[in-house]
There are 2 protein chains.
Amino acid sequence: MVRVRTVDRRLFLLIEIAARCLSREADVRLRVEAGVTASQSAVLFLLLQRGERRLSSIGAMLALSAPAVTGLVNRMQSAGLVVKRKDPQDRRGVLVDLSETGRGAAEAANRVLRNLNAGLDEQLGEDKAGVVCDVLTQLVLSKNG
Amino acid sequence: MVRVRTVDRRLFLLIEIAARCLSREADVRLRVEAGVTASQSAVLFLLLQRGERRLSSIGAMLALSAPAVTGLVNRMQSAGLVVKRKDPQDRRGVLVDLSETGRGAAEAANRVLRNLNAGLDEQLGEDKAGVVCDVLTQLVLSKNG
DNA sequence: CCCGATTCATTCAGATGTGAAAACAATCCG
DNA sequence: CGGATTGTTTTCACATCTGAATGAATCGGG
């Protein structure tokens with residue numbers, strides 16, 4: 001078993017580096033093929049899978065702070081990707097949903113992400129990729145509940 | 001085998017979420033116990049392990065763009081953690097090294113990172129944590145050379 | 001019914017990233 | 001020698017995060 005030493009074994013540092021690498025690659029392809037950024041694609045993915053949601057719900061699922069969600073969604077609204085409306089049941093809340101444009105972009109982004117993910121699975125092997133997904137998922141759940 | 005569905009299995013999205021979670025936790029402890037941020041700790045770690053380096057070398061090892069390194073190191077210099085000097089061999093380059101203060105901070109940050117990492121190993125199991133490290137390392141190397 | 005506590009979103013200031021383009025230094029080569 | 005090219009860093013404009021403070025709506029116990 002090769003033990004490569006990039007930055008020792010400090011997972012905290014390594015995961016950020018890896019995330020930057022992947023994110024950069026994803027961002028380029030998402031911009032070209034779907035016209036959205038990587039951050040935006042996460043929101044689009046969520047809305048496409050789960051439908052209209054609160055800002056707070058988006059923040060919880062993506063582990064983003066409230067101000068981060070506000071800014072990200074506002075920029076997406078300016079770009080015509082999503083629509084915001086006050087929650088009629090509880091007017092403190094704000095509901096976000098895909099626009100028609102946004103739905104198209106979300107589907108395009110989804111294809112890009114699926115391709116990228118398939119590439120990763122191939123590069124790493126399905127078994128290892130699976131372990132990584134499980135571990136990261138477990139990690140996220142343990143930190144957020 | 002439990003297959004949790006946080007955000008399907010799009011590793012590109014999941015790794016960013018996980019990185020945010022870990023980074024946030026690390027940042028709090030690093031600020032309290034070492035007086036530095038998570039980003040700064042990566043640079044300190046590198047300089048402590050490898051000694052004085054070029055800005056470009058730091059960027060390559062941490063997968064950061066040149067402007068990111070310039071900004072990060074400048075803030076660290078303002079904070080008294082590092083010292084910059086022109087490379088006497090090739091005056092295009094800029095060498096960065098730890099200050100006395102920086103060395104202390106680096107050692108403190110190192111202890112924090114070691115503790116955090118030990119906690120992760122315990123939570124995930126050494127074998128799984130090892131797989132994740134190997135996979136992420138492989139990934140980073142394949143993207144950067 | 002009302003006021004204090006809670007919840008949700010926004011604003012704010014600042015750290016951290018990016019790509020594009022400018023500023024310089026070194027090197028190549030005709 | 002000198003102009004073109006290459007390499008390194010910085011500047012710039014902007015997207016993306018964070019915690020802290022604020023505002024707005026709801027809830028719940030008198």
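These numbers were taken from a predicted model, which means no experiment stands behind them.
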> B:Ser39 side chain N/O closer than 4.0 Å to the phosphate oxygens (OP1, OP2) of C:dA15?
Replying inline: no

>> Would you say A:Ser65 places a side-chain N or O within less than 4.0 Å of OP1 or OP2 belonging to D:dG19?
In response: no

Have a look at [X] and say if it touches a base, only the backbone sugar-phosphate, or nothing, with a 4.0 Å heavy-atom cut-off.
{"X": "B:Thr37", "result": "sugar-phosphate"}
{"X": "A:Lys84", "result": "sugar-phosphate"}
{"X": "B:Gly93", "result": "sugar-phosphate"}
{"X": "A:Ala60", "result": "nothing"}
{"X": "A:Arg20", "result": "sugar-phosphate"}

Nearest-neighbour nucleotide for the [X] side chain, [options] considered:
{"X": "B:Ser56", "options": "C:dT10, D:dT9, C:dA15", "value": "D:dT9"}
{"X": "A:Leu64", "options": "D:dT16, C:dG17, D:dC17", "value": "D:dC17"}
{"X": "A:Arg92", "options": "C:dT18, C:dT6, D:dT10", "value": "C:dT6"}
{"X": "A:Thr70", "options": "C:dT16, C:dA9, D:dC17", "value": "C:dA9"}
{"X": "B:Pro67", "options": "D:dC12, C:dC8, C:dA25", "value": "D:dC12"}

> Pick the nucleotide of DNA chain C nearest each of B:Val69 and A:Val94; which residue has the one closer to the 5' end?
Replying inline: A:Val94

> More 5' along DNA chain C: B:Arg31 or B:Ala68, using each one's nearest nucleotide?
Replying inline: B:Arg31

>> Before you tell me yes or no, could you show the steps for A:Arg111 and A:Glu33 under salt bridge (charged side-chain N to carboxylate O under 4.0 Å, His left out), namely the whole-Å CA-CA distance, both residues' side-chain angles and the distance that decides it to 0.1 Å?
In response: CA-CA 9 Å; A:Arg111 285 191 292 275; A:Glu33 298 176 36; over 6 Å; no

Nearest-angstrom distance from the residue atom [atom1] of [X] to [atom2] of [N]:
{"X": "A:Asn74", "N": "C:dT10", "atom1": "CG", "atom2": "P", "answer": "6 Å"}
{"X": "A:Gln89", "N": "D:dA24", "atom1": "CD", "atom2": "P", "answer": "22 Å"}
{"X": "A:Ile58", "N": "C:dT10", "atom1": "CD1", "atom2": "P", "answer": "11 Å"}
{"X": "A:Asp27", "N": "C:dA20", "atom1": "CG", "atom2": "P", "answer": "12 Å"}
{"X": "A:Leu55", "N": "C:dT11", "atom1": "CG", "atom2": "P", "answer": "12 Å"}
{"X": "B:Arg54", "N": "C:dA26", "atom1": "CZ", "atom2": "C1'", "answer": "11 Å"}
{"X": "A:Arg24", "N": "C:dT18", "atom1": "CZ", "atom2": "P", "answer": "4 Å"}
{"X": "B:Arg91", "N": "D:dG7", "atom1": "CZ", "atom2": "P", "answer": "20 Å"}

> Can you tell me if A:Ser23 uses its side chain to pair, donor with acceptor, with the backbone of A:Arg20 under 3.5 Å?
Replying inline: no

> Short question: side chain of A:Arg10, backbone of B:Asn110 - any donor-acceptor pair under 3.5 Å?
Replying inline: no

>> On DNA chain D, does the nearest nucleotide to A:Leu72 precede the nearest nucleotide to A:Lys86 from the 5' side, or the other way round? Give the residue.
In response: A:Leu72

> Got a salt bridge between B:Asp27 and B:Arg31, using NZ or NE/NH1/NH2 to carboxylate O under 4.0 Å?
Replying inline: yes

>> Just verifying a value: how many Å separate B:Leu72 CG and B:Ile58 CD1, rounded to the nearest 0.5 Å?
In response: 8.0 Å

> Taking the side chain as C-beta and beyond, is there a heavy-atom pair between B:Val36 and B:Leu81 under 4.5 Å?
Replying inline: yes

